[in-house]
2 protein chains.
Amino acid sequence: MQTNSLHRLGDLQLRILQSLWKHHHAGVAQVRQDVGINLAYTTVATMLRKMEIKGLVEHQQQGRRFIYQATVQKDQVTHGLADRFVDHLFQGNLAGAIGHLLETRVVDPNDLDRLEAIIHQHRQTLSK
Amino acid sequence: MQTNSLHRLGDLQLRILQSLWKHHHAGVAQVRQDVGINLAYTTVATMLRKMEIKGLVEHQQQGRRFIYQATVQKDQVTHGLADRFVDHLFQGNLAGAIGHLLETRVVDPNDLDRLEAIIHQHRQTLSK
DNA sequence: ATGGGAATACTACCACGGTAGTATTGTGTG
DNA sequence: CACACAATACTACCGTGGTAGTATTCCCAT
C-alpha cells in the first residue's frame, strides 16, 4: 500500500511478487512452485501473510484455500528500486546510471537496437 | 570483501560508502558530515565498525582516530544493485529494464543525447 | 462417517540494518 | 600535571526478512 519503502523488499518478497504478477492471482502452492520448491510450504505461506499485513498483497478465500493477489503494481516496485539505484549511486543522474549499466554488462546488438528505438520514440514524445 | 550479497546493503551503508568513495578515506566525523548530522556520532561509528566486520570498509589508525576507507569498489556495488534490479524485475533483460527506466522517469533531451552517444560508442566496440 | 491429507494459524528464531546510550581511554592544552 | 574533550568500545534494542516447526482445522475420498 505504502509507496514509500518499496525498495526495502527482500529477495523472497520480490520473487513472490514476481509470481503473483505473472499469475495475477495464485495460491500458496503455486507461488511456491515459482519461488522455489526447496522452501518449506509454510515459509511461503508465512511470507505471504507478512506481506499482506504490510499491504503488499491481499487474498480472497476460495473454499479452503487462500488466493493471493499483489496490491502493488510492478511499476511501483520498479520505480522504488530504480530510485535507490539512480539516486543513491548516481545522484539522480539517470543517463549516468544507464551508461554505467551498458558499460558493465554484456549487451547484444539487438538490445542496442531496441534501446535506440525507445530513445527515438521518447524524443518524439518530448518534442510534441 | 564478498562480492555476493552486495545488494543487501542498507541505505545508511550506501550513503556511508558514497562518502568514503568521495573522500577516498575519511574519519567518522567527516562521514557523519556527509551522511547526516542528524545521526548520532556513535551511530555512524557503530555502522562503520559493523561494515568493517563485513569487509566493506577498513581502517587505519592515525593517532587517536580511525581513518576509514572503502574496500568495495563502487562498480561492485553498482553491479550488485543492478543485478537485483535487472534480474529480479526484468528476468535479465537489460534493454527492457532500461526501457522501463526511461519510460517511468523524467528524462531531458540532453540525457537522450548522451545515451545515444553511449550506444553508438558501444556499437563500435562490439563490431570491432 | 471417518481418517488422512491439505491448508492455514501461531509461534519462534536468527541475522542484520539502524539507532543510540554508556563506559572507557587517550591526548592535547592550559 | 591534570582535566576536559574527543574518540572508540561495548551493549542494547527494535523492526523485519527469511525460515520453518507445530498445532489446528476442514474437506474429500473411501
Side-chain angles (χ1 to χ4, degrees), chain A residues 1-2 4-20 25-69 72 77 80-81 84 88, chain B residues 1-2 4-20 25-69 72 77 80-81 84 88:
Chain A
M1 192 130 247
Q2 305 290 51
N4 63 327
S5 85
L6 267 187
H7 65 268
R8 312 203 151 204
L9 298 179
D11 280 349
L12 178 57
Q13 299 184 334
L14 232 34
R15 274 183 288 145
I16 286 177
L17 285 177
Q18 198 80 46
S19 169
L20 291 179
H25 39 66
V28 177
Q30 266 161 93
V31 172
R32 175 160 172 256
Q33 206 64 241
D34 285 351
V35 141
I37 1 72
N38 48 308
L39 291 178
Y41 185 98
T42 52
T43 298
V44 178
T46 303
M47 199 58 197
L48 245 356
R49 208 155 347 96
K50 285 184 175 180
M51 288 171 78
E52 182 156 36
I53 292 171
K54 285 189 55 183
L56 294 170
V57 304
E58 66 185 11
H59 81 277
Q60 330 153 237
Q61 207 143 353
Q62 188 177 57
R64 183 84 272 275
R65 57 151 82 68
F66 284 12
I67 303 298
Y68 285 93
Q69 181 172 0
V72 284
V77 174
L81 245 50
R84 180 183 173 74
H88 268 293
Chain B
M1 192 126 244
Q2 306 290 51
N4 62 329
S5 85
L6 268 186
H7 64 268
R8 312 202 152 205
L9 299 178
D11 281 348
L12 179 58
Q13 299 185 332
L14 232 33
R15 274 184 288 146
I16 286 177
L17 284 177
Q18 197 82 45
S19 168
L20 291 179
H25 37 66
V28 177
Q30 266 161 93
V31 173
R32 175 161 172 256
Q33 206 64 242
D34 286 351
V35 142
I37 0 72
N38 47 309
L39 290 179
Y41 185 99
T42 52
T43 298
V44 178
T46 303
M47 200 56 194
L48 244 358
R49 209 155 346 97
K50 285 184 176 182
M51 287 170 78
E52 183 155 35
I53 293 170
K54 283 188 55 181
L56 294 170
V57 304
E58 65 185 12
H59 81 277
Q60 331 153 236
Q61 206 143 352
Q62 188 177 55
R64 184 82 276 274
R65 57 151 85 66
F66 284 12
I67 304 297
Y68 284 94
Q69 182 172 359
V72 284
V77 175
L81 245 51
R84 180 182 173 74
H88 268 296

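Chain identifiers are assigned alphabetically (A, B, ...) following the order of the sequence lines, protein sequences preceding nucleic acid strands; residue numbering begins at 1 within each chain. Basis for what follows: all heavy atoms, side chains included, without hydrogens, waters or symmetry-related copies.
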Which nucleotide in dG17(C), dT8(C), dG18(D) has an atom nearest any side-chain atom of Q13(B):
dG17(C)
Given that A40(B) and R65(A) both sit by DNA chain C, which one's nearest nucleotide is further toward the 5' end?
R65(A)
Between the side-chain atoms of T46(B) and the base atoms of dA20(C), is any donor-acceptor pair under 3.5 Å?
yes
When you check the phosphate oxygens OP1 and OP2 of dT19(D), does a side-chain N or O of K50(A) lie under 4.0 Å from one of them?
no
Among dA9(D), dG17(C), dT8(C), the one nearest any side-chain atom of F66(B) is dA9(D)
Any T43(A) side-chain N or O less than 4.0 Å from OP1/OP2 of dG18(D)
no
With heavy atoms under 4.0 Å as the rule, sort Y41(A) into base, sugar-phosphate or nothing.
base
Which heavy atom in L48(A) sits nearest to a heavy atom in V57(A), and how many Å separate them?
O-CG2, 3.7 Å
Heavy atoms from C-beta onward define the side chain here; which of dA20(D), dG17(D), dT22(C) lies closest to that of T42(B)?
dT22(C)
From CG of L48(B) over to C1' of dT19(C), roughly how many Å is that when rounded to an integer?
14 Å
Within this structure, what is the CG-to-C1' distance between L12(A) and dG17(D), rounded to whole angstrom?
8 Å
Using a 4.0 Å heavy-atom cut-off across all strands, classify L9(B) as base, sugar-phosphate, or nothing.
nothing
Does V44(A) reach the side chain of M47(A), with side-chain heavy atoms less than 4.5 Å apart?
no
Between V44(A) and G63(A), who's closer to the 5' end of DNA chain D by nearest nucleotide?
V44(A)
May I have the distance from H59(A) (atom NE2) to dA9(C) (atom P), rounded to whole angstrom?
7 Å
Starting at atom CZ of R32(B), determine the distance to atom C1' of dA20(C), rounded to an integer number of angstrom.
12 Å
From CD1 of I16(B) over to P of dG18(C), roughly how many Å is that when rounded to an integer?
8 Å
CG on L9(A) to NE2 on H88(B), rounded to 0.5 Å:
10.5 Å
Between C1' of dT8(C) and CE of M51(A), the distance in whole Å
18 Å
Given dA6(D), is OP1 or OP2 found less than 4.0 Å from the side-chain N or O atoms of R64(B)?
no
Can you see if the side chain of R49(A) gets near the phosphate of dT8(C) - specifically, an N or O under 4.0 Å from OP1 or OP2?
no
Are more than 12 heavy atoms from other residues, nucleotides or ligands located less than 6.0 Å from atom NE2 of H25(B)?
no
Let me know which of R49(B), Q69(B), R65(B), E52(B) forms a side-chain hydrogen bond (donor to acceptor under 3.5 Å, both in side chains) with H59(B).
E52(B)
If you look at every strand shown and take non-hydrogen atoms under 4.0 Å, does A45(A) touch a base, only sugar-phosphate, or nothing?
nothing
Starting from P on dG26(C), measure out to CD on Q61(B) and report it in whole angstrom.
10 Å
Nearest-Å distance for atom pair CD1/P, residues I37(A) and dT19(D):
13 Å
For the residue pair L39(B) and R32(B), what are the closest heavy atoms and their distance?
O-NE, 2.6 Å
